[in-house]
There are 2 protein chains.
Amino acid sequence: MTSTQTEELLKFFKALAHESRLRLLGLVAQREHSVQELAAAVGVTEPTASHHLAMLRDLHLVSRRTEGNTHWYAYVPDALARLAKQVLSREGVAKLAATPARNSPEAIVANYLGDDGKLTHIPAQRKKRYAVLSWLVRKFEEDRTYAEREVNELLQRYHWDSATLRREFIGYRMMERDKGIYRRLSDFDWRSADGSEPIAY
Amino acid sequence: MTSTQTEELLKFFKALAHESRLRLLGLVAQREHSVQELAAAVGVTEPTASHHLAMLRDLHLVSRRTEGNTHWYAYVPDALARLAKQVLSREGVAKLAATPARNSPEAIVANYLGDDGKLTHIPAQRKKRYAVLSWLVRKFEEDRTYAEREVNELLQRYHWDSATLRREFIGYRMMERDKGIYRRLSDFDWRSADGSEPIAY
DNA sequence: TATCTAATTAGACGCGTGTCGAATAAGATA
DNA sequence: TATCTTATTCGACACGCGTCTAATTAGATA
């Protein structure tokens, strides 16, 4: 078990360590809200609300569904539940002492990221490629499907060669394709698939 | 139920939203540690470690016991357990949406605090005086006794008239005195004592 | 197609806070 | 008493991050 776990937990605490985001979370925990509603309720501008919501969504604390121009945000309880469980036991807390893992997937990925946030290149070495791909596939949501066009668009934010990346996703069983429609598979389906250490999520 | 609850929760998340503090907490969750040990393990200087530990101690996440020159810090699980419980239920999260309470004890206290962090004066109005006192008494630890000299020293960080404050603590049953030795009483002993709204802790 | 609405992205600015070195406090030891 | 050890407080600095306005994207409607 790498200390990726600790880093993940840290991300959650950082995400929750802000009044605006806490209140956003509280609001969506009551019912779905649009960005406008949320911005007004919290007392910030829409860009700011959008910014915070993106952060919460990255951590799968909230989900988003689109209806016309409007984006409806909803609460996703799972992530917080996992956090609470870990923090409930002393052993869980004690694990936080772990020194930041050298060779953690994050560290590997960082080596391939340029200043613009894009990948400089796709690693050839199996383990590193795996790390990068598993990081990348998490940019996709689990609960929806993507047209090939959408997959390409999202991938090209990180690297020009979306075709190769798409193919690799399928190969590693991180995504499945059916009649040109893509869906991200759950971590549990593919992690450890190459025999390397599982990546904590 | 005031939104003080939300503010408390926010404090916890802020405290935990930092790698150094998370690791400090992890270390003390394993066993008692001195400041030196902790600083070395986390890779910061002693002043920095001390600073973080003070923060964790304010929130009762860790406790401190003195042995000669050495301060031993230990883990206190209760606070995190409470946090976990609230965050585990959707209702608990939904409460976070509450708009920041005007008239919260914190807001009252803020009115009497100067830029130097000291009280400009002691409120005369009963409810406000109560709010300030209950805030002030929390500067004392629950699990130890204080000599009158120590009580005065601590109080004078906030106001010159420590004698009046001491007397009020006794009157409100926030402290008890026995043969010149003072001890902070638990919140549960005195909150709501004056019939005002309970102060969430 | 042109326009309007909702949301996100980009870029800039200011404040909070984590860090350090230096100074101070408090206890132990010679 | 003088010195050494451990920890805390003080003051200053730097950087991260939350916020805003402006610009852009994407969909709906006329």
Side-chain angles (χ1 to χ4, degrees), chain A residues 10-11 13-25 28 32-58 62-74 115-118 139 141 147 149-150 153-154 156-158, chain B residues 10-11 13-25 28 32-58 62-74 115-118 139 141 147 149-150 153-154 156-158:
Chain A
L10 185 56
K11 282 183 203 157
F13 285 129
K14 281 189 172 166
L16 299 169
H18 200 272
E19 179 172 351
S20 302
R21 283 190 295 265
L22 264 195
R23 295 186 49 210
L24 287 172
L25 204 60
V28 296
E32 271 193 332
H33 286 273
S34 70
V35 177
Q36 280 196 332
E37 293 171 337
L38 292 170
V42 172
V44 296
T45 63
E46 289 184 36
T48 301
S50 192
H51 168 71
H52 290 313
L53 289 166
M55 198 173 311
L56 296 176
R57 203 157 71 98
D58 275 346
V62 304
S63 65
R64 179 177 74 176
R65 110 187 138 75
T66 297
E67 188 182 297
N69 275 332
T70 306
H71 292 182
W72 296 98
Y73 284 87
D115 288 341
D116 56 357
K118 290 196 175 193
K139 303 298 175 183
E141 297 182 51
R149 201 194 90 250
E150 295 177 294
E153 277 176 12
L154 211 164
Q156 281 168 9
R157 293 189 198 173
Y158 298 99
Chain B
L10 184 57
K11 283 184 203 156
F13 284 128
K14 281 189 173 166
L16 299 169
H18 201 272
E19 179 173 352
S20 304
R21 284 190 295 265
L22 261 196
R23 294 186 49 209
L24 288 171
L25 204 61
V28 298
E32 271 193 333
H33 286 272
S34 70
V35 176
Q36 278 197 334
E37 294 172 334
L38 292 170
V42 172
V44 295
T45 63
E46 289 185 34
T48 301
S50 193
H51 168 71
H52 289 313
L53 290 166
M55 199 173 310
L56 296 176
R57 204 156 71 96
D58 275 347
V62 303
S63 65
R64 181 178 74 177
R65 107 187 141 78
T66 298
E67 186 181 300
N69 274 333
T70 306
H71 292 181
W72 295 99
Y73 283 86
D115 289 339
D116 56 357
K118 290 195 174 195
K139 303 299 176 183
E141 297 182 50
R149 200 195 89 249
E150 296 178 294
E153 277 176 13
L154 212 164
Q156 280 167 11
R157 293 189 198 172
Y158 299 99

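Order of the sequence lines fixes the chain letters, A, B, ..., with proteins taken first and strands second; residue numbering starts at 1 for each chain.
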Round to a whole Å and report the spacing from CD of A:Glu19 to P of D:dT19. 9 Å
Is any side-chain heavy atom of A:Phe13 closer than 4.5 Å to one of B:Glu19? no
Salt bridge (Lys or Arg N to Asp or Glu O under 4.0 Å) partners for B:Arg57, two or more places apart: B:Glu141
So which pairs with a foot in residues 42-53 of chain A pass salt bridge (charged side-chain N to carboxylate O under 4.0 Å, His left out), sequence neighbours left out? none
If you restrict it to nitrogen or oxygen atoms, what contacts under 3.5 Å exist between nucleotides 11-16 of chain C and the protein, and what is each distance?
none

Touch class at under 4.0 angstrom, heavy-atom based, for A:Thr70 against every strand present: sugar-phosphate
Residues passing the side-chain contact (heavy atoms from CB on, under 4.5 Å) test with A:Ser20, sequence neighbours excluded, are A:His18, A:Val42, A:Val44, A:His52
Take the protein atom CD of B:Glu32 and the nucleotide atom P of D:dT6, then report the distance between them rounded to whole Å. 17 Å
Specify the residues of residues 37-46 of chain A, ordered by number, for which at least one heavy atom lies under 4.0 angstrom from an atom of DNA chain C. A:Glu46
Nearest-nucleotide wise, let me know which of A:His51 and B:His52 is further upstream toward the 5' end of DNA chain C. A:His51
Heavy atoms under 4.0 Å is the rule here; annotate nucleotides 22-30 of chain D 5' to 3' with B where the base is hit, S where only the sugar-phosphate is, and - elsewhere. B---BBS--
A:Thr70 meets the side chain to side chain donor-acceptor pair (under 3.5 Å) criterion, sequence neighbours left out, with none
Once side-chain contact (heavy atoms from CB on, under 4.5 Å) is applied, do any residues pair with A:Ala74, and if so which ones, sequence neighbours excluded? A:Glu32, A:Ser63
In chain order, what residues pass the ring-ring contact (aromatic ring centres under 6.0 Å, His included) check against B:His33, with sequence neighbours excluded? none
Of all residues at least two apart in sequence or in a different chain, which pass the ring-ring contact (aromatic ring centres under 6.0 Å, His included) check with A:His51? none
Please determine whether a side-chain nitrogen or oxygen atom of A:Thr48 lies at a distance below 4.0 Å from atom OP1 or OP2 of D:dG18. no
With sequence neighbours left out, what residues match B:Glu150 under side chain to side chain donor-acceptor pair (under 3.5 Å)? B:Arg144
ring-ring contact (aromatic ring centres under 6.0 Å, His included) involving A:His71 - partner list, sequence neighbours excluded: none
